[in-house]
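First comes the structure, then the notes that go with it.
Source: prediction; values computed, not measured. The analysis underlying the following values was restricted to heavy atoms, covering all of them including side chains, and did not include hydrogens, waters or symmetry mates.
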There are 2 protein chains.
Amino acid sequence: MATIRDVANRAQVSTATVSAVVNDSAYVSPELRARVLAAISELDYTPSLAARNLKRGRSQLIALVVADLANPFFARMVWAAEAAVAAWGYSLVLFNSDEKPENERRILARIRMLSCDGIILVPVDVTSAIPQRDTEGEPVPTVLFGRTVEGQKTDTITIDNVSAARQVTNYLMDLGHTRIGTITGPLHLTTGRGRLDGMMEAMRARGLEPAASHVRPGEFREDTAYSVARELLTLPEPPTALYIANGVMALGVMRALADLGLKCPDDISIASTDTIPGIGGLRPRLTRTEHPVIDMTNEALRLLIDRINRGTNADPRNVVFQPSLVVGESCGPYRDSPPLAR
Amino acid sequence: MATIRDVANRAQVSTATVSAVVNDSAYVSPELRARVLAAISELDYTPSLAARNLKRGRSQLIALVVADLANPFFARMVWAAEAAVAAWGYSLVLFNSDEKPENERRILARIRMLSCDGIILVPVDVTSAIPQRDTEGEPVPTVLFGRTVEGQKTDTITIDNVSAARQVTNYLMDLGHTRIGTITGPLHLTTGRGRLDGMMEAMRARGLEPAASHVRPGEFREDTAYSVARELLTLPEPPTALYIANGVMALGVMRALADLGLKCPDDISIASTDTIPGIGGLRPRLTRTEHPVIDMTNEALRLLIDRINRGTNADPRNVVFQPSLVVGESCGPYRDSPPLAR
DNA sequence: ACCACCTAGCTAAACGTTTCGCTGAAAAAT
DNA sequence: ATTTTTCAGCGAAACGTTTAGCTAGGTGGT
């Protein structure tokens, strides 16, 4: 492949002149510019970003590390991130830690080797470590997404999980439900913990509390939620309403209802934090809080590009998005003695 | 950030010795090796992939260019590709051409600049151009995925679209349906064209042909399929069965049915090529051909890594996956005079 | 005519790594 | 004891680009 030296030879100019034309970084006379452009075209010259990176210390790469790429929530985030990164003139390097700390460590080491200009990270745990450029501690520009991490001075983009859960729980209580169960996310994550806290706070504010047997861990996984929902729904005294802590688990719960021959809201009311795109149009429409994933991702990129350009000394910023309740068709007023599952 | 020279200084050896230790590429005495490893640790040294790339001519990057990242089919592909690429020791650079030729051209130019070691490309059109390393025409190792391109000597991974459509259409005809409609993909794509061809061939083999008004373009988009389905289903003599050419459009059709108060298979039978993960568990379960996206993606990566290692001179390989019909609950036997939509 | 200033284009070093070829010391062969 | 062979470790060039500093020629002022 042709290099800048080949182009310089062909155009009878220096490499500095070719570089000035390619980058439009200095005045070059029209005559020389025309010769350089002709040589570039004739030789089909493409600059090497590796060489440019080596000289300038910028890779034009943004790393995105999601926690569970199989989750449609993160698929939407990837979609938005790719578009935003392209719009800013970068390329997206995608990693999936699959909720494993050892994967995350290896990925962050790889990101240092690639000398990515910035990172968007969905941390696997509250102790995830932001990579540093060197032992003196200058961090790679990083935005934490959706979840926060202890003791780290980085920009963060989160949603108000407590408020999301509170809105859903209040809605169910407004409909008269008092026996409300929940299927939770992992409680070591700020998202999982915040959503359970929000539900508990909302119920306690009205002098209520879920039965211990009605609070089950679903690990943010569809299949786990499916199993747990079957258990909940076949208890002697099942809940009359369910708060489900993410969209993927909501899908599992809907599958469990279908398999048990139960309908919502006839037999049970269900509502969730977030949903799955695509099923939003199916009946019954799920009552849920909506996460503005696209807006959050775009804002994360804006913060990150700003951090890359302005350096890492400025105070970190924490942007908290507010979820909004979307009332669907999956919740109804409390009624005595819902039919037992068969 | 520490460089190999810093490590060499600290360990009192040469950069060649440090490189030999880091890469395990030559014998180094235990004493020197220990000194180098200690220095690496003390200085928190991370090799620069940019410098390595410049010297070796290998970036350790694989580019994945999908055609529509909003489509869950491609989201699954991205999930599988990230895992496979990581397993082979590469990093994944993700691009979304959004079915636009001008995006694809810009993306392929960027991939050359990044000197990606290989590309998996879902081409936007049958005339998409595989990038060359130089004007002498040595191509970047590339595997075309799902769709093929005219006159290009590259490895390809496809599904037998004709067979997929034929299986679904035969199933519907076996149930007694003769008035079968279809919502097609873009016909300039080998996938869209192949599926319509397969349906036509299957019907013609039994002396049948869809009514012209029953063949509508859905562009592989959910919202387009939704509109088109409403039109089809409110015709004076609507089809009694529908073949839908991809999973996303099947979702749109199901939404249209729900909005029109129609049920399948009671009011109409519907079946599709491919589906959307996540809705497979909801009722009624969609009858469909299943695309082994994960297997196809893994095989694409195997072909690509092999091509990277062995060079681009070997004959191209074309692996065609066979879809399999999965009978769900969305099709029933033909019955006279299905109820009209209200 | 001479001097001062400006500027387009050039030279060459540097970015961080790899690796070829060299060399001095040790081991083996005679 | 001498000669030959082997090998661990090293020096330095190269990968392709950018850019600081230099210079020759042109322009403007006196």
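Chain B approaches DNA chain D within less than 4.0 angstrom (heavy atoms of the protein), and the contacting nucleotides run 5' to 3' from D/dA8 to D/dG16.
With respect to A/Asp24 and A/Arg33, a salt bridge is recorded, a charged nitrogen being found less than 4.0 Å from a carboxylate O. Comment: A/Glu102 does not engage A/Arg106 in a salt bridge, judged by the lack of any side-chain N to carboxylate O separation of less than 4.0 angstrom.
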Under 3.5 Å, side-chain donor or acceptor atoms of residues 47-65 of chain A against the rest of the protein: list the pairs with distances, not counting sequence neighbours.
| from | atom 1 | to | atom 2 | distance (Å) |
| --- | --- | --- | --- | --- |
| A/Ser48 | OG | A/Ala50 | N | 3.3 |
| A/Ser48 | OG | A/Ala51 | N | 3.1 |
| A/Arg52 | NH2 | A/Asn23 | OD1 | 3.4 |
| A/Asn53 | OD1 | A/Arg58 | N | 3.4 |
| A/Asn53 | ND2 | A/Ser115 | OG | 3.3 |
| A/Arg58 | NH2 | A/Ile308 | O | 3.4 |
| A/Ser59 | OG | A/Leu61 | N | 3.2 |
| A/Ser59 | OG | A/Ser115 | O | 2.7 |
| A/Ser59 | OG | A/Asp117 | N | 3.4 |
| A/Ser59 | OG | A/Asp117 | OD1 | 3.3 |
| A/Gln60 | NE2 | A/Gly89 | O | 3.3 |

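Each of B/Thr142, B/Asn318, B/Thr148 was scored for a side chain to side chain donor-acceptor pair (under 3.5 Å) with B/Thr156, with one residue passing: B/Asn318.
Atom CG of B/Asp6 is separated from atom P of C/dA14 by 15 Å (rounded to the nearest Å). Distance CZ (B/Arg52) to C1' (C/dT19): 13 Å, rounded to an integer number of Å. The nearest whole Å value for the distance from the CG atom in B/Leu43 to the P atom in C/dT17 is 12 Å. Rounded to an integer number of Å, the gap from CD1 of A/Ile4 to C1' of C/dT11 is 14 Å.
Atom CD of B/Glu299 is separated from atom CG of B/Leu301 by 10.0 Å, given to the nearest 0.5 angstrom. The CZ atom of A/Arg147 sits 7.0 Å away from atom OG1 of A/Thr190, with the distance rounded to the nearest 0.5 Å.
Within a 6.0 Å radius of CZ in A/Arg221, other residues, nucleotides and ligands contribute 12 heavy atoms or fewer.
Scanning residues 14-32 of chain B for heavy-atom distances under 4.0 Å to DNA chain D yields B/Ser14, B/Thr15, B/Ala16, B/Thr17, B/Tyr27, B/Val28, B/Ser29, B/Leu32.
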Inset, instruction - Go through the steps for A/Asp68 and A/Phe220 under the test side-chain contact (heavy atoms from CB on, under 4.5 Å), then give the verdict. - result: CA-CA 10 Å; A/Asp68 177 13; A/Phe220 281 162; over 6 Å; no

